[in-house]
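We use all heavy atoms of the structure for the numbers below, so side chains are in, but hydrogens, waters and symmetry mates are not. Note that the coordinates shown come from a computational prediction; the quantities given were computed from them, not determined experimentally. So you know, we letter chains A, B, ... as the sequences are listed, proteins then strands, and number each from 1.
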Amino acid sequence: MEYNFRKIEKKWQQQWKDSGVYKVVNETQRPKYYVLDMFPYPSGTGLHVGHPLGYIASDIYARYKRLKGFNVLHPMGYDAFGLPAEQYAIEHGIHPAISTENNINTFRKQLDNIGFSYDWSREVRTCDPGYYKWTQWIFLQIFDSWFNRKLEKAQRIETLIGIFEKEGNAGYEIPNEKFKIEGSGKKHFTAVDWKTFDEKTRQEILMQYRLAYLAYTDVNWCEALGTVLANDEVINGVSYRGGFPVVKKKMRQWNLRITEYAERLLIGLDEVDFSDSMKEIQKNWIGKSSGAEISFKVKSDGPIEKSLRVYTTRPDTIFGVDFMVIAPEHELVNEITAKSSKAAIAEYLQYVQSRSDVERMAEVKKITGCFTGAYAINPFNGREIPIWIAEYVLIGYGTGAIMGVPCGDERDHKFAKHFDISITNIIGPHYNGEEANPTKDAILTNSNFITGMVMKDAIGKVIDKIEETGIGKRQVNYKMRDAGWSRQRYWGEPFPVVYRDNIPYAMDEKDLPLELPPSDDFKSAGNGEGPLANVKDWIYISEQEKRDTNTMPTHAGAAWYFLRYTDPHNDKKFADKKALDYWNQVDVYIGGAEHAVAHLLYSRLWVKILHDLGYLNFDEPFRKLINQGKITGDSRFVYRIRGTNQFVSYGLKKNYETDELHVDVNIVNGVELDTEAFKNWKPDFAGAEFILEEGKYQCGTAIEKMSKSYFNVINPDEVVEKYGADTFRMYEMFLGPLEASKPWDIKGIEGVHRFLKKLWRLFFDEVKGKLWNDDKATEAELKVLHKTIKQIEEATDRFSFNTGVSGFMIAINELTDLKCNKKEILEKILILLTPYAPHIAEELWNHLSNKGSILDAAYPDCDPKFLLESSKEYPISVNGKLRTTMDIALDAAQQDIEKMVLDNMVIQKWLDGKSPKKIIFVKGKMVNVVV
RNA sequence: GCCCCGGUGGUGGAAUUGGUAGACACGCAGGACUUAAAAUCCUGUGACCCGCAACGGUCGUAACGGUUCAACUCCGUUCCGGGGCACCA
């Protein structure tokens with residue numbers, strides 16, 4: 001009987017499906033464990049071999065935890081809203097709902113092929129009204145909340161109204177500094193004021209506090225896509241999808257006030273187990289810096305009433321300030337510009353306006369600026385400091401104004417040199433006159449009351465002083481901006497609000513979901529409005545009532561789907577509290593690093609808000625995050641001699657003028673092209689002629705992203721067809737560490753396949769049939785078994801699945817050498833193997849025993865007494881008896897050791913009078929003693 | 001420029017807290033079975049030296065230096081690669 005993996009795998013996949021073994025219950029005494037994959041966007045191209053890498057890892061871990069006695073939640077679903085489906089609809093006239101459904105079916109077929117243990121009864125799709133009802137509902141909870149800075153948590157908006165009615169907003173600063181109340185023009189109001197405000201004013205004020213709010217903001221507008229993009233969707237001034245230009249545009253948009261959570265998002269990183277680089281990316285994105293805000297009196301043609309506020313992280317350099325720079329958009333520009341400078345400033349402002357973001361970003365090194373003719377007064381020594389405007393200072397960060405310290409900041413130094421501003425040296429010999437030195441360790445010179453102090457110590461002293469004198473304050477800033485939450489698209493969640501008098505009001509919960517209206521017009525309606533604006537009878541409910549024409553970004557559905565899996569069919573709540581409490585945090589989350597910023601931050605934000613509002617008893621969604629590496633493609637090229645249909649082999653191409661063309665990797669064996677297959681590949685190449693080297697056509701190679709257009713995509717279905725799902729699973733793991741990126745390389749797969757065949761041969765012989773017996777296992781065989789249990793368990797525990805696979809190979813090699821066919825041993829090996837290669841394990845288990853499904857087996861414990869040989873300690877002879885070092889180390893009497901020690905001067909030196917804990921032997925010689 | 005991660009045979013990669021570096025696999029070479037091939041199995045495989053032989057010697061984890069009885073592992077400097085951020089004051 002031979003290893004017929006096709007038959008075996010089909011049989012068991014069907015059996016698992018029919019028996020529903022992977023269905024998970026919420027009610028049980030067993031401890032829970034939650035293993036989650038990032039759910040995929042069901043693209044039209046299907047899965048390639050890179051996608052399942054993370055899914056296989058999580059499946060192994062989920063199955064492993066199940067064997068360990070945990071009740072494991074291991075679900076899968078689809079992030080099914082999104083731009084590509086809509087683009088596809090515009091190009092091909094197929095409704096997004098239909099193409100998405102088709103794509104999901106393809107995905108599902110491919111996933112089923114690999115033998116995953118998902119509980120498909122819990123599948124979620126973000127585009128399903130039964131799901132996005134709750135996305136909308138959560139959005140309304142966010143809309144209905146504000147962030148209480150005193151308690152550092154979100155609260156219901158009613159609590160804020162209560163405060164306003166009692167005491168006005170005195171202790172509760174409006175987050176947007178620039179906002180002014182209509183009519184009064186002020187930022188503060190009393191309880192009495194509040195009572196006099198009309199509905200519109202009240203709603204406008206509340207909007208300033210809501211965690212989901214409407215505001216006219218500069219958004220990243222992409223004309224080609226007809227939509228707004230979030231900051232993280234814009235890369236170097238162009239859209240991340242398509243690479244189209246993006247410009248700033250003021251639009252009334254929904255935003256999430258994520259900035260209020262900046263500090264908690266930062267602190268929360270300490271509690272979770274993410275990789276260093278992942279934490280680093282999030283920290284950078286949040287971009288916390290601490291320093292001080294300082295006010296400077298200003299003088300121009302005459303004294304100016306308003307003072308200039310600057311933000312600095314280095315108040316210690318206050319005496320090295322040689323100029324000030326304010327952003328061109330700064331509100332003081334007009335007011336302070338001296339008559340003599342008016343013309344020059346106007347010209348400069350015009351220049352700045354003409355510059356697009358792309359240009360500004362491309363010419364970062366270019367130094368431009370213009371003197372305003374005004375001066376700021378250094379409050380400590382009265383020195384007059386010229387104020388400039390320059391585009392390198394951004395209006396959106398800090399106060400939009402900086403103090404220029406050329407000896408300590410590189411940009412400031414270049415600016416000073418370029419405009420010939422004299423430079424004050426406050427760090428003595430640490431400044432060489434040629435380039436700035438940003439040190440914090442220098443001793444200050446020329447610095448009034450802080451002269452002689454070390455810079456980093458002076459920071460606190462200066463801040464204390466400016467707070468004492470009331471000219472400034474300690475200040476923490478974050479780079480992170482609020483998240484734009486409106487998209488001018490059709491295929492997303494409609495905003496569950498109704499506008500009356502242009503004020504948005506939350507829809508009643510019982511009217512949710514607000515379903516997308518049927519439509520087949522997906523082109524943007526122009527004027528910055530999305531396709532929904534075309535559906536007039538949906539948008540206009542009545543003359544007074546109007547809906548929002550935008551939809552939410554795909555991040556919305558993905559920001560909470562892991563909560564829905566706990567109770568996916570609930571139509572009364574987003575999930576039952578009991579289910580949420582039981583399943584709690586995701587214990588292990590596996591997915592790509594590309595979601596580091598957007599998806600993870602928004603998920604963390606939503607969970608924190610839901611936690612603050614009392615819906616969850618945890619405030620970080622993911623306890624541990626693992627980023628699987630990408631599997632890249634291994635492309636092949638052919639070289640066509642220009643203007644001909646002749647193709648020249650790689651080694652000879654330098655003799656001709658050629659064009660490099662990608663060729664389908666499936667018709668190349670190694671680097672050797674199958675020339676007949678090539679002729680049949682595309683009609684253009686039917687008459688191709690080849691210039692060969694040594695009778696073969698050699699292709700060029702390159703490692704690049706796996707993509708249809710590079711013809712380097714490997715479909716997992718083909719690999720599974722050829723070698724089987726178990727081989728595929730083990731091979732993807734064997735390729736290397738889960739987190740490393742690596743090119744797809746089929747060469748090694750034979751080795752893994754051979755291993756499974758070798759395993760099979762321990763059970764079956766083609767001639768003799770079944771081989772196993774009930775004999776008692778020998779000491780040597782037990783050693784192999786227990787060493788293997790230990791190794792696989794440890795490897796699996798630390799997600800080192802590549803060493804796990806190796807562990808099996810070693811075990812099978814050793815058992816083959818021992819000719820071990822003992823049922824007692826083989827049974828246990830099969831249990832260990834189940835997470836990695838479930839089909840073959842189940843099949844062999846079925847032949848071997850009548851104990852039911854292997855999926856119900858318990859993970860075996862390893863017995864330490866068999867592990868000695870596998871440890872790094874070697875047996876030696878002491879007084880004629882064979883002892884292991886572990887024996888010796890554990891021996892309380894220790895007489896033998898003392899005798900040995902007396903014989904060995906080196907050891908005596910190491911021991912230094914203490915008694916040994918552990919002795920290390922190498923090849924029977926003692927090399928070290930641990931005391 | 002700043003921040004994070006990494007660099008081990010021909011290749012992918014092992015080495016859990018500093019303790020036999022190179023497990024396991026690929027590839028390669030040789031052999032067995034076979035008319036032959038495939039499949040399977042066996043042997044060898046970091047470099048160099050010595051030798052009839054050895055469980056013989058020397059070197060060796062990007063480079064140099066340090067700590068230690070002992071360093072792929074810890075510390076310092078440099079080089080290279082990958083990722084992130086980037087006029088963020």
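With rounding to whole Å, A/Leu756 atom CG is found 17 Å from B/rA39 atom P. Taking atom CG of residue A/Leu601 and atom P of nucleotide B/rC85, one finds them 12 Å apart after rounding to whole Å. Atom P of nucleotide B/rG1 and atom CG of A/Asp412 are separated by 19 Å, given to the nearest angstrom. When rounded to the nearest whole Å, the span between CG of A/Leu735 and P of B/rG13 equals 9 Å. Between the CZ atom of A/Arg761 and the P atom of B/rA39 there is a distance of 13 Å, rounded to whole Å. Atoms NZ (A/Lys279) and P (B/rC85) sit 19 Å apart, rounded to a whole Å. In this structure, the NZ atom of A/Lys414 is 17 Å from the P atom of B/rA89, given to the nearest Å. Between A/Ile294 atom CD1 and B/rA89 atom C1' there is a gap of 12 Å when expressed in whole angstrom units.
Electrostatic pairing of A/Lys757 and A/Glu2 does not count as a salt bridge here, judged by no charged N lying under 4.0 Å from a carboxylate O. A salt bridge does not link A/Lys456 with A/Asp316: none of the charged nitrogens is closer than 4.0 Å to a carboxylate oxygen. A salt bridge is absent between A/Glu794 and A/Arg798: the closest approach of a Lys/Arg side-chain nitrogen to an acidic carboxylate oxygen does not fall below 4.0 angstrom. Between A/Glu263 and A/Lys288, at least one side-chain nitrogen of the basic residue sits less than 4.0 Å from a carboxylate oxygen of the acidic one, meeting the salt-bridge criterion.
Less than 6.0 angstrom separates the ring centroid of A/Tyr431 from the ring centroid of A/His413. In summary, the aromatic rings of A/Tyr723 and A/Phe728 are positioned with their centroids too far apart to meet the 6.0 Å limit. Aromatic pair A/Tyr351/A/Tyr348: centroids less than 6.0 angstrom apart. For A/Phe5 and A/His753, the gap between ring centers is short of 6.0 Å.
If you take atom C1' in B/rA39 and the same atom in B/rC33, they sit 11 Å apart, rounded to whole Å. Using atom P as the reference point in both B/rG51 and B/rA63, the two lie 30 Å apart (nearest Å). B/rC79 and B/rU67: their C1' atoms are spaced 23 Å apart (whole Å). Taking atom P on both nucleotides, B/rA62 is separated from B/rC72 by 10 Å, rounded to a whole Å. Using atom C1' as the reference point in both B/rU8 and B/rA14, the two lie 10 Å apart (nearest Å). When the C1' atom is compared between B/rA25 and B/rA32, the two are found 23 Å apart, to the nearest whole Å. B/rA47 and B/rG10 have their P atoms separated by 8 Å, given to the nearest Å. Separating the C1' atom of B/rG76 from that of B/rG82 is a span of 24 Å, rounded to the nearest Å.
Using a 90° window around 0 for the glycosidic torsion, B/rG22 falls outside it and is classed as anti.
Across every strand in view, B/rC52 sits unpaired, with no contact that passes the Watson-Crick or G-U test at under 3.5 angstrom. Base pairing annotation: B/rG60 forms no Watson-Crick or G-U wobble pair, as no partner gives both donor-acceptor distances under 3.5 Å. Base pairing of B/rA15: no nucleotide in any strand meets the Watson-Crick or G-U wobble criterion (both distances under 3.5 Å). Across all strands shown, B/rU35 has no partner, as no Watson-Crick or G-U wobble contact with both distances under 3.5 Å is found. Here B/rC85 sits opposite B/rG1 as a Watson-Crick or G-U wobble pair (both hydrogen-bonding atom distances under 3.5 Å). Summarising the base pairing, B/rC72 is matched to no nucleotide, lacking a Watson-Crick or G-U wobble pair whose two defining distances lie under 3.5 Å. Nucleotide B/rC26 is matched to B/rG10 when pairs are restricted to Watson-Crick or G-U wobble geometry with both distances under 3.5 angstrom.
Within residues 312-324 of chain A, the residues approaching RNA chain B are A/Thr312, A/Thr313, by heavy-atom distance under 4.0 Å.
Among the heavy atoms of the strands lying under 4.0 Å from A/Lys479 is at least one base atom, whether or not backbone atoms are also near. No contact: A/Ser275 has no heavy atom under 4.0 Å from any strand. At the heavy-atom level, A/Val393 lies under 4.0 Å from base atoms of the strands shown. Heavy atoms of A/Lys757 sit under 4.0 angstrom from primed sugar atoms or phosphate atoms, though from no base atom.
The nearest heavy atom of RNA chain B to A/Arg798 and to A/Leu394 marks one nucleotide each, and the one closer to the 5' end goes with A/Arg798.
In terms of phosphate contacts, A/Ser741 brings no side-chain nitrogen or oxygen within less than 4.0 Å of OP1 or OP2 of B/rG82. Residue A/Tyr311 places none of its side-chain N or O atoms closer than 4.0 Å to OP1 or OP2 of B/rA89.
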- Using the side-chain contact (heavy atoms from CB on, under 4.5 Å) rule, take A/Trp744 and A/Leu735 through it: C-alpha gap first, then chi angles, then the decisive distance, then the call. CA-CA 8 Å; A/Trp744 174 258; A/Leu735 274 174; 4.2 Å; yes
Give each protein N/O atom lying under 3.5 Å from an N/O atom of nucleotides 22-25 of chain B, with the pair distance.
unit_1 : atom_1 : unit_2   : atom_2 : d
B/rA25 : OP1    : A/Asn813 : ND2    : 3.0

Look for any protein N or O under 3.5 Å of an N or O in nucleotides 2-10 of chain B and output each such pair with its distance, or none.
unit_1 : atom_1 : unit_2   : atom_2 : d
B/rC3  : O2'    : A/Glu280 : OE2    : 2.5

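A side chain to side chain contact (heavy atoms under 4.5 Å, CB included) with A/Ile286 is found for exactly one of A/Val597, A/Leu266, A/Ile281, namely A/Leu266.
Side chains of A/Thr796 and A/Tyr836: a donor on one and an acceptor on the other come within 3.5 Å. A/Asn477 and A/Ser289 share no donor-acceptor pair across their side chains, judged by distance under 3.5 Å alone. Using modelled atom types, one finds a donor on one side chain and an acceptor on the other under 3.5 Å when comparing A/Asp412 with A/Tyr392.
For A/Ile281, the side-chain atoms get nearest to B/rG84 when compared with the rest of B/rA39, B/rG84, B/rC26. With distances taken from any side-chain atom of A/Tyr392 to the nucleotides B/rC87, B/rU40, B/rA14, the minimum falls on B/rC87.
The neighbour count for A/Glu410 CD, taken as heavy atoms of other residues, nucleotides or ligands under 6.0 Å away, does not exceed 12.
Among all heavy-atom pairs drawn from A/Ile421 and A/Asp322, the shortest one is CG2-O, 3.8 Å.
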